[in-house]
Amino acid sequence: VQFVATSAAEAAVVSRVEVSGNQRVDADTIRNYITIKPGKAFSSADIDDAVKALFGTGLFSDVQINQVGSSLVVKVSEYQVVNQVLFQGNKKLKDNALAAAVQLKPRGTFSQQALDADVEAVKAAYRRIGRDDAAVTTQIMDLGDNRVNVVFNINEGGRTQIAAVNFVGNSAYSSRRLSDVISTKRSTFLSFVLRDDVYDDDKLRADQELLRRFYYNHGYADFQVVSAVGELDETTNKYTVTITVQEGDRYTFGEVSVESTIPEVDGASLQSVVETHKGDVYNAKNVEDTIIALTEKVAGSGYAFAQVTPRGDRNFENHTISVVYTIDQGTKAYVERIEIRGNDRTRDYVIRREFDVSEGDAFNQVLIQRAKKRLEALDYFEKVEVSTVPGSEPDQVVLVVDVVEKSTGEFSVGAGYSTGGDTSGPSIEGSITERNFLGRGQFIKLSAGGGKNSRDYSFSFTEPYFLGRRIAAGFDVFNRTRNYDEYESETIGATVRFGLPITDNISTQLAYNISQEKYKLDDDCDVDNDGEPDAGCDVSEAIFEGIQESPWLKSSVSLGLVYNTIDDMKNPHEGIYANVTTEVAGLGGDAKFVKVTARGSVYQTLSEQLDLVGLVSGGAGHVQGFGGGDLRIFDHFQSSDRMIRGFAYGGIGPVDSDGFDDHLGGTTYFNASAEAQFPMPVIPESFGLRGAVFADAATLYGSKVSADLVDQSTTDMQWRASVGVGLMWASPFGPIRIDYAIPVLKEDTDDVQEFNFGISTRF
Amino acid sequence: CMSSEKDVDLSTYVEQTEPADVLYNQGLANLNAGRLQEASRKFSAVDRQHPYSEYARKSMVMGAFADYRQGNYSEAIGSAKRYLTLYPSTDDAAYAQYIIGLSYYRQIRDVTQDQKETRQTVQTMQDLVTRWPDSEYVDDAKEKIRFANDQLAGKEMQIGRYYLERREYIAAVKRFRNVVETYSNTRHVEEALARLTESYYAMGLTSEAQTAAAVLGTNYPDSVWYKDSYKLLQSGGLEPRENAGSWIAKAGKLITGA
Amino acid sequence: CNSSKMIGDLNPSETLTQGYVIDQQAIDLVPVGSSREQVLLALGTPSTKATFDNEAFYYISQTRKRYVAFDKPRLVDQKVLAVYFGEDGRVTQIANYGLKDGKVFDFISRTTPTGGKDQNFLSQIINGASKLAPGLPGGSGGMPGG
């Protein structure tokens with residue numbers, strides 16, 4: 001009997017399904033969710049499923065189903081409904097920002113767990129903007145009919161700052177140098193702008209990784225971060241961050257060899273590709289670059305599945321690490337499909353063309369990582385994830401590329417002040433830039449700028465993949481007006497340019513430019529407007545001769561070659577930057593000359609502890625007219641602070657013979673400079689201030705203006721020299737540089753200008 | 001320097017409520033007069049203040065429609081989905097599902113971009129057709145499914161052409177085959193067959209090229225794509241002959257249902 | 001210093017092997033007469049197949065050379081290994097097609113039109129420009145002078 005009863009209960013049948021306790025949700029809906037129907041057999045499992053289904057809708061706080069006689073009673077109690085969510089006392093974070101962060105929404109259901117989770121969400125939002133001590137309390141106002149208003153009372157508290165970032169156990173590098181490496185910075189008066197002093201555990205973890213990479217790249221293979229901890233001092237609402245490190249010894253490379261388990265691949269022959277050499281300081285990045293280079297070489301010769309794994313064994317006595325790169329056959333897998341997702345604006349091909357791997361090719365992790373780096377270098381995306389999903393066959397793999405786009409458009413207003421160049425004085429510039437125009441990867445920029453005596457308008461466009469090749473083709477259109485003391489000039493021009501990368505470090509630029517320059521005397525210099533300088537206006541004959549040749553058309557072709565191995569363009573410590581440009585004007589137009597300019601800078605870290613960086617740079621230029629005509633005065637080189645500091649713009653070189661000491665510029669120049677850069681000793685390093693001591697030398701000579709108009713005594717090769725100090729500040733507005741230089745060797749006709757100020761990266 | 005929103009004084013704060021039917025009718029009036037913004041505000045007020053009434057149910061679906069008409073598709077999808085969880089068995093449920101499908105449909109992007117809205121359109125409209133087979137919206141739903149599939153086929157073709165231009169025939173053939181096999185009822189199948197002819201011909205697999213052209217010829221004899229393929233094979237001195245056993249021939253039958 | 005890097009840079013040409021990796025021993029394992037499963041086991045999944053019922057497998061490999069970093073990789077070699085199967089599913093013939101068998105011609109430029117909304121210039125600039133540089137003087141734009 002016992003057995004029968006349970007089985008009978010198992011296969012019970014009901015004639016009716018009753019629903020009770022529901023207010024907002026109607027009975028049919030509830031019946032719809034449960035599978036038990038009148039007259040149909042059901043088991044206790046069916047009841048469990050029904051309960052789970054009803055809870056699954058998220059509408060009910062409680063569900064009870066049991067059988068009473070011949071009817072099934074479903075008793076539910078509904079969650080309350082949220083009428084409104086209100087935020088009180090929030091100033092730094094707006095209501096809609098907070099509303100987005102919390103789960104409880106108007107017209108949604110209310111539950112206690114959601115409320116608790118939302119309190120945490122609001123606190124986290126405030127922690128992210130550096131207010132760790134924000135307090136959040138909640139109030140529930142019952143409006144009757146099972147409806148509630150949810151109120152978050154917020155007390156934002158003060159800005160939590162970072163009192164100090166201390167390093168313990170570092171002897172090889174000064175604490176100042178290490179604080180440059182990590183992103184968590186001490187609070188300074190500028191922090192309210194930079195917002196870089198927000199304490200965040202994730203950021204501190206990421207900083208530990210940055211430190212590891214820094215030390216591994218500078219020879220410290222045993223480096224460890226012992227602990228990195230931030231204690232909050234409640235009273236002062238400030239964190240003190242202490243990072244204890246154990247540097248270990250500095251290693252150099254011992255024996256370096258390449259072994260291959262693939263018969264046809266001979267390890268020794270690949271030795272030339274290896275970038276880690278015996279005796280060099282151990283550097284993790286070079287090991288990674290070697291792995292990429294070896295993989296590309298081996299894959300190129302037909303072994304696409306080859307895998308390169310480095311094995312280093314330390315020799316503790318003489319602190320060397322000998323590295324063996326073993327090449328062996330990886331798993332044979334092919335890329336079946338490349339799925340690109342998340343590109344709501346960027347076109348599919350702009351992403352796909354960065355992959356040298358195509359569908360149907362061998363799956364090679366290194367080449368895929370390289371494509372990922374290239375995508376990140378485009379700077380169109382917040383995040384790039386490349387993951388693999390099994391394909392339709394065991395040896396097939398689907399590559400999934402998930403991108404999160406970021407806004408690549410920028411409307412910016414820039415103010416500047418400079419004493420160098422022909423636009424001295426304050427200036428302002430507004431520009432609209434779009435780096436990923438219409439998602440096609442093209443760059444456009446429209447800018448307008450003006451200073452005391454200059455106006456600049458320009459539009460430029462660049463297509464990075466011209467005709468499917470990695471050729472950055474583009475054009476610029478510009479209009480420049482300048483007015484000098486006695487005359488003014490207007491230049492309208494256009495350039496068509498093609499940038500061609502030859503290797504990772506070498507790139508060339510081929511360009512055609514056409515421009516028309518118009519010169520005219522100032523109104524106050526030529527009141528009667530007869531084209532002749534009036535009595536009071538002392539413009540030299542040579543310059544006036546140039547003005548008369550207006551309008552002047554230049555049509556020229558130029559070829560530039562750049563070699564660049566600088567490690568970090570904004571704050572260089574290592575590397576070479578050299579460029580040579582040749583311009584030939586004379587394809588029609590009035591200007592007929594060949595102009596060659598060259599410039600090279602070598603950066604070398606002199607001392608790691610003191611973070612002392614040495615810079616030696618030099619330059620030269622020569623312009624040669626051809627076709628018989630004299631060289632126009634405005635095509636001569638003029639000196640500037642990039643040639644030699646301590647002198648005014650156009651302050652050295654040949655002068656006119658009328659005694660006005662107008663500098664007419666020269667046909668040839670040489671310049672050299674030696675500089676030492678160091679962090680400012682006293683001021684805290686988070687200001688980003690660096691000092692510099694330098695010595696410049698330059699000469700500007702030779703003039704092709706008609707002989708009688710030039711003071712011949714000033715046209716031969718006289719050297720000028722100056723020494724000075726500089727202050728560099730990586731400000732939020734861009735790198736600012738102030739130089740104070742005193743000429744030690746000069747000619748009496750030179751215009752001296754000790755002080756020089758400019759906002760720009762100087763290369 | 002941030003201007004802080006005025007904090008609401010809790011004690012005196014009471015939201016003035018109006019009867020459900022008044023709000024609902026105001027919503028309808030605004031809707032008919034084309035003031036969609038005002039209409040959806042009224043409908044959401046009903047839903048919030050009177051969550052139990054029959055009006056709340058009606059205004060939820062009307063609110064979704066007003067949001068859809070204004071183009072704020074995510075709100076429309078949100079309230080339509082809420083309607084479907086609360087009232088899955090009412091007659092308006094099919095309409096709510098239809099609004100969700102339409103909202104995704106309106107957001108379908110160009111083929112060179114991510115097609116997630118297109119996939120969502122197909123899935124939502126497919127749900128509509130299977131769950132409410134006799135609803136009045138089924139015909140338009142099928143039409144939207146056909147357009148969305150055509151768009152997905154268009155994306156495959158775009159990527160196929162990208163690889164073809166770079167002469168990476170393996171990747172190109174994979175993409176065009178995918179169109180012929182999975183999107184055979186779209187307009188792109190003609191071009192896919194023509195591109196296959198080009199790819200195989202360029203690789204030197206003339207028998208496959210001939211078969212592809214033959215299938216194109218039998219199914220779309222007057223198609224401009226067939227003329228191009230024919231001319232291409234002609235230039236190589238070959239006739240497009242159908243290689244009966246070939247997969248393309250079988251796919252061809254799939255299209256015509258022969 | 002990293003002089004070898006300098007030398008390494010001067011021969012910038014790069015070879016890319018794409019598609020199926022041909023392995024001669026594996027091909028020798030599947031002479032005429034071997035079954036379809038043996039072929040799949042030895043050679044793996046084909047680049048493309050010729051029939052619904054696997055009438056022929058094609059294993060395609062291409063080699064490209066990129067002489068200078070900016071250039072488009074040029075197709076220098078192409079091998080198609082064709083494995084034909086008879087009715088009984090046994091290999092009847094193995095054929096090799098080289099680059100010379102391929103024909104070079106330009107593809108038809110016409111494309112079948114597709115729908116979907118595309119952003120125009122203005123809408124992108126408006127939402128692009130919404131990110132105004134910080135209000136303080138000297139936004140992040142380029143600086144004149146210096």
Side-chain angles (χ1 to χ4, degrees), chain B residues 106-113 115 117-118 147-148 150-151 153-155 157-158 161 164-171 173-174 177 181 186-192 194-195 198-208 211 224-225 228-229 232 235-236 243 245-251 254, chain C residues 16-20 45-64 66 72-82 84-87 93 95-120 135-136:
Chain B
R106 281 279 178 271
Q107 295 175 76
I108 288 183
R109 292 173 195 286
D110 176 63
V111 278
T112 58
Q113 285 155 356
Q115 292 301 309
E117 290 85 8
T118 322
F147 173 83
D150 197 274
Q151 188 74 0
K155 182 161 181 78
M157 290 303 290
Q158 186 258 333
R161 282 191 296 266
L164 192 60
E165 256 160 51
R166 295 160 65 107
R167 297 200 179 284
E168 300 181 27
Y169 302 128
I170 310 153
V173 163
K174 272 182 192 292
R177 269 188 66 149
E181 282 169 2
T186 67
R187 292 172 296 128
H188 292 279
V189 76
E190 292 171 45
E191 184 185 352
R195 296 295 180 194
E198 286 179 332
S199 313
Y200 281 126
Y201 189 64
M203 271 195 280
L205 298 174
T206 44
S207 67
E208 289 304 327
T211 312
V224 71
W225 294 104
D228 298 330
S229 305
L232 176 67
S235 66
N243 166 345
S246 138
W247 69 272
I248 303 179
K250 298 227 168 30
L254 194 70
Chain C
L16 300 161
T17 51
Q18 292 189 285
Y20 182 71
T45 316
S47 305
T48 177
K49 288 188 266 218
T51 65
F52 260 106
D53 48 20
N54 301 355
E55 188 229 352
F57 286 0
Y58 295 110
Y59 294 91
I60 303 159
S61 89
Q62 292 182 322
T63 314
R64 283 185 160 71
R66 192 205 305 256
K72 211 193 306 200
R74 295 220 179 299
L75 189 60
V76 291
D77 182 21
Q78 180 175 282
K79 293 197 197 65
V80 179
L81 171 70
Y84 295 100
F85 294 92
E87 289 311 323
Q93 188 213 351
N96 273 300
Y97 298 93
L99 190 60
K100 58 182 177 3
D101 302 310
K103 311 264 181 320
V104 182
F105 54 90
D106 36 21
F107 307 109
I108 299 160
S109 55
R110 177 189 337 111
T111 62
T112 315
T114 55
K117 80 176 166 50
D118 197 351
Q119 292 152 350
N120 56 41
L136 297 173

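Source: prediction; values computed, not measured.
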What's the separation between atom CZ in C:Arg64 and atom CZ in B:Arg166, rounded to the nearest 0.5 Å?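 Going from the CZ atom of C:Arg64 to the CZ atom of B:Arg166 covers 8.0 Å.
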Let me confirm one number: the OH-CE distance from C:Tyr58 to B:Met203, rounded to the nearest 0.5 Å.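 Taking OH in C:Tyr58 and CE in B:Met203, the distance rounds to 9.0 Å.
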* To do: Might you work through the side-chain contact (heavy atoms from CB on, under 4.5 Å) test for C:Thr114 and B:His188, ending with a clear yes or no?
  => CA-CA 9 Å; C:Thr114 55; B:His188 292 279; 3.6 Å; yes
Next on the checklist: I'd like to know if the side chain of B:Glu168 and the backbone of C:Gln18 have a donor-acceptor N/O pair within less than 3.5 Å.
Outcome noted: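 No; zero donor-acceptor contacts below 3.5 Å.
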Point to revise | Part of B:Met157 within contact of chain C (heavy atom distance under 4.5 Å) | key: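 It is neither, since no heavy atom gets under 4.5 Å.
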Check your understanding: Which bit of B:Arg106 comes within less than 4.5 Å of chain C, counting heavy atoms only: side chain, backbone, both or neither?
Key ->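 B:Arg106 touches chain C through backbone heavy atoms alone.
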Checklist entry - Side chain, backbone, both or neither: which part of C:Phe107 has a non-hydrogen atom closer than 4.5 Å to chain B? => result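 Both backbone and side chain of C:Phe107 come within 4.5 Å of chain B.
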Part of C:Pro73 lying under 4.5 Å from any heavy atom of chain B: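 For C:Pro73, no heavy atom lies under 4.5 Å from chain B.
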Considering only heavy atoms and a distance below 4.5 Å, find which of B:Thr118, B:Asp150, B:Leu205, B:Val224 pairs most often with chain C.
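Heavy-atom pair counts peak at B:Leu205.
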Under 4.5 Å between any side-chain heavy atoms of [X] and [Y], yes or no?
{"X": "B:Glu191", "Y": "C:Arg110", "result": "no"}
{"X": "C:Thr48", "Y": "B:Arg177", "result": "yes"}
{"X": "C:Tyr20", "Y": "B:Ile170", "result": "no"}
{"X": "C:Ile108", "Y": "B:Arg195", "result": "yes"}

**Message:** Checking B:Tyr169 against C:Gln78: is there a side-chain donor and acceptor pair closer than 3.5 Å?
**Reply:**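 No, no side-chain donor-acceptor contact under 3.5 Å.
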Under the rule for side-chain contact (heavy atoms from CB on, under 4.5 Å), what residues qualify as partners of B:Phe147, not counting sequence neighbours?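 Scan of B:Phe147 (side-chain contact (heavy atoms from CB on, under 4.5 Å), adjacent residues dropped) gives B:Tyr105, B:Ile108, B:Gln151.
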### Message
Just so I understand: if I count every heavy-atom pair under 4.5 Å between each of C:Gly19, C:Ser47, C:Ser61 and chain B, which residue has the most?
### Response
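Sorted descending by pairs with chain B, the first entry is C:Ser47.
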